[in-house]
Number of protein chains: 2
Amino acid sequence: MKISDFSIRSGLSIDTLRYYERIGLLPRTARDGGGRRSYGPDDLAWARFLGKLQAMDMPIRERLAYSRLRSEGDATLGARRAMLEAHRAALVARQDELHGLIAALDGKITHYRERETQSGDSQ
Amino acid sequence: MKISDFSIRSGLSIDTLRYYERIGLLPRTARDGGGRRSYGPDDLAWARFLGKLQAMDMPIRERLAYSRLRSEGDATLGARRAMLEAHRAALVARQDELHGLIAALDGKITHYRERETQSGDSQ
DNA sequence: CATTGACCTGGAGTGCGCTCCAGGACGTAC
DNA sequence: GTACGTCCTGGAGCGCACTCCAGGTCAATG
């Protein structure tokens, strides 16, 4: 698959794909005769998983650490699982935080509604 | 209150307080005789609310827009409420997204556990 | 076989949100 | 009255995560 198709299918821009490869987040992609990148299905699964880690707010340094572990093979399965579990805990904490913040926002919004009624409905 | 105390009580660093004032996120703070900032309780409530908006991932441009509306007085109550409601919706959407991502992560973690058992327990 | 469009590389530029620094002023404690 | 700590300003620097650019190569199309 050429980079333009892979970009669409992975959800990562062409520039981002090349950038990720440069910093080692994606392994060096296979090239065709003319030196162009040629992506396979495995690349797609990995790129999509990286996209998920990004959507989970995992910083690039951590994704890089994960990626390096992955490239070392099955010996690092435990370490990778530990990383994911730690990140899971962070996401749950963030969920809880959001819960509280939404509640606070609701209080503020209610407060605004009351002030608007007081100042606006008298006329 | 002097800036060092205000920094502690607001949770914003001294540099951040000055930076926020520079860009107009905090209104120009009152000064004492010697030109030093002198914060009052109202400043604290506002700074803390700004901190909450930040924790809600509201970008600085939006906080700035909100801040400008606030400085225009009660005429902008409706507009401010609309901003908060829009942001509330974004937070709820993010919560849902996190929910899905955590589920995906759980699947991956389970998968890792299985692979670890297969490769590790045989010895 | 010439043009076009997609691709390549290395490197520079961007936007965000601070954070740090130099050089100077003030005010409190000794 | 001087030393020290805290504050001031304007401006530079930083880390993140891309995004864009110049200059060049290559493959397919008319």
Side-chain angles (χ1 to χ4, degrees), chain A residues 1-40 43-44 46-68 83 87 90 94 101, chain B residues 1-40 43-44 46-68 87 90 94 97 101:
Chain A
M1 200 186 323
K2 60 182 187 170
I3 198 169
S4 53
D5 296 335
F6 190 77
S7 167
I8 292 162
R9 304 239 282 148
S10 67
L12 300 171
S13 79
I14 290 177
D15 272 316
T16 298
L17 287 171
R18 290 199 276 243
Y19 166 68
Y20 279 4
E21 194 179 323
R22 236 192 286 191
I23 65 170
L25 197 47
L26 293 171
R28 170 154 178 100
T29 312
R31 309 295 155 122
D32 66 10
R36 284 108 189 266
R37 288 172 182 80
S38 169
Y39 294 89
D43 297 326
L44 192 56
W46 174 235
R48 283 180 173 161
F49 184 63
L50 280 178
K52 265 188 191 161
L53 292 183
Q54 184 202 35
M56 291 174 191
D57 292 332
M58 186 184 280
I60 230 167
R61 276 171 191 281
E62 244 173 282
R63 279 178 275 162
L64 205 45
Y66 186 90
S67 169
R68 276 191 293 258
M83 281 193 72
H87 201 69
R94 177 63 179 158
L101 288 168
Chain B
M1 202 186 321
K2 61 183 186 169
I3 198 169
S4 53
D5 296 336
F6 190 77
S7 168
I8 292 162
R9 304 239 282 148
S10 68
L12 301 170
S13 79
I14 290 177
D15 272 316
T16 298
L17 288 170
R18 291 199 276 243
Y19 166 67
Y20 279 5
E21 193 178 322
R22 236 192 284 192
I23 65 170
L25 197 48
L26 291 172
R28 172 156 176 96
T29 312
R31 308 295 155 123
D32 67 11
R36 283 109 189 266
R37 287 171 181 79
S38 170
Y39 294 89
D43 298 325
L44 191 56
W46 174 235
R48 283 180 174 161
F49 184 63
L50 280 178
K52 265 188 191 162
L53 291 183
Q54 186 202 33
M56 291 173 191
D57 293 331
M58 185 183 281
I60 232 169
R61 275 170 193 280
E62 244 174 282
R63 280 178 274 162
L64 206 45
Y66 186 90
S67 170
R68 275 191 294 258
H87 201 70
R94 178 62 179 158
E97 193 191 3
L101 288 168

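Residue numbers begin at 1 in each chain, while the letters A, B, ... track the order of the sequences. For clarity, every value in this text was computed on a predicted model and none was experimentally measured. Heavy-atom basis, side chains included; hydrogens, waters and symmetry copies ignored.
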DNA chain D-proximal residues of residues 20-29 of chain A, any heavy atom under 4.0 Å: A:Tyr20
Nearest whole Å is fine: how far is [N] [atom2] from [X] [atom1]?
X: B:Met1; N: D:dT6; atom1: CE; atom2: P; answer: 18 Å
X: B:Asp15; N: C:dC21; atom1: CG; atom2: P; answer: 10 Å
X: B:Ile14; N: D:dC7; atom1: CD1; atom2: C1'; answer: 9 Å
X: A:Tyr19; N: C:dC7; atom1: OH; atom2: P; answer: 21 Å
X: A:Phe6; N: C:dC7; atom1: CZ; atom2: C1'; answer: 16 Å
X: A:Leu64; N: D:dC16; atom1: CG; atom2: C1'; answer: 13 Å
X: B:Asp57; N: C:dC16; atom1: CG; atom2: P; answer: 15 Å
X: A:Ile3; N: C:dC8; atom1: CD1; atom2: C1'; answer: 9 Å

Residues which pass side-chain hydrogen bond (donor to acceptor under 3.5 Å, both in side chains) with B:Glu21, listed by chain and number, not counting sequence neighbours: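 Testing B:Glu21 for side-chain hydrogen bond (donor to acceptor under 3.5 Å, both in side chains), a comparison that skips the adjacent residues, returns B:Thr29, B:Arg31, B:Arg37.
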For A:Tyr66, side-chain hydrogen bond (donor to acceptor under 3.5 Å, both in side chains) partners two or more places apart: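 Partners of A:Tyr66 under the side-chain hydrogen bond (donor to acceptor under 3.5 Å, both in side chains) test: B:Tyr112.
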For the side chain of [X], counting heavy atoms from C-beta on, which of [options] is nearest?
X: B:Arg63; options: D:dA17, C:dC7, C:dG17; value: C:dG17
X: B:Arg61; options: D:dC8, D:dA17, C:dC16; value: C:dC16
X: B:Gln54; options: C:dT9, C:dC18, C:dC20; value: C:dC18
X: B:Arg37; options: C:dC16, D:dC8, C:dT19; value: D:dC8

Pairs where residues 3-17 of chain A contributes a residue and the test side-chain hydrogen bond (donor to acceptor under 3.5 Å, both in side chains) is met, not counting sequence neighbours: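 For residues 3-17 of chain A, and leaving out neighbouring residues, the side-chain hydrogen bond (donor to acceptor under 3.5 Å, both in side chains) pairs sorted by first residue read A:Ser13-A:Thr16.
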How far does [atom1] of [X] sit from [atom2] of [Y], to the nearest 0.5 angstrom?
X: A:Ser38; Y: A:Lys2; atom1: OG; atom2: NZ; value: 11.5 Å
X: A:Arg48; Y: A:Lys52; atom1: CZ; atom2: NZ; value: 9.5 Å
X: A:Tyr20; Y: A:Leu64; atom1: OH; atom2: CG; value: 10.5 Å
X: B:His87; Y: B:Leu53; atom1: NE2; atom2: CG; value: 7.0 Å
X: A:Leu101; Y: B:Gln54; atom1: CG; atom2: CD; value: 11.0 Å

Full working for side-chain contact (heavy atoms from CB on, under 4.5 Å) between A:Asp43 and A:Leu26: CA-CA 8 Å; A:Asp43 297 326; A:Leu26 293 171; over 6 Å; no
Divergence of helical axes at both termini of the helix from C:dC1-D:dG30 to C:dC30-D:dG1 - five pairs an end, 10° steps: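 Comparing the first five pairs with the last five, the axes sit 10° apart.
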Which pair of heavy atoms, one from [X] and one from [Y], lies closest together, and at what distance?
X: B:Phe6; Y: B:Gly40; answer: CE1-O, 4.3 Å
X: A:Arg63; Y: A:Leu50; answer: CD-O, 4.1 Å
X: A:Leu17; Y: A:Tyr39; answer: CB-OH, 4.0 Å

side-chain N/O A:Ser4 vs C:dC7 OP1/OP2, d < 4.0 Å: yes
Phosphate OP1/OP2 of C:dG17: any B:Thr16 side-chain N/O under 4.0 Å: no
Check nucleotides 26-30 of chain C for protein N or O atoms closer than 3.5 Å to its own N or O atoms and list the pairs.
| from | atom 1 | to | atom 2 | distance (Å) |
| --- | --- | --- | --- | --- |
| C:dC26 | O2 | B:Arg36 | NH2 | 3.0 |

5'-most by nearest nucleotide on DNA chain C - B:Arg18 or A:Arg18: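 By nearest-heavy-atom nucleotide position, the 5'-most residue is A:Arg18.
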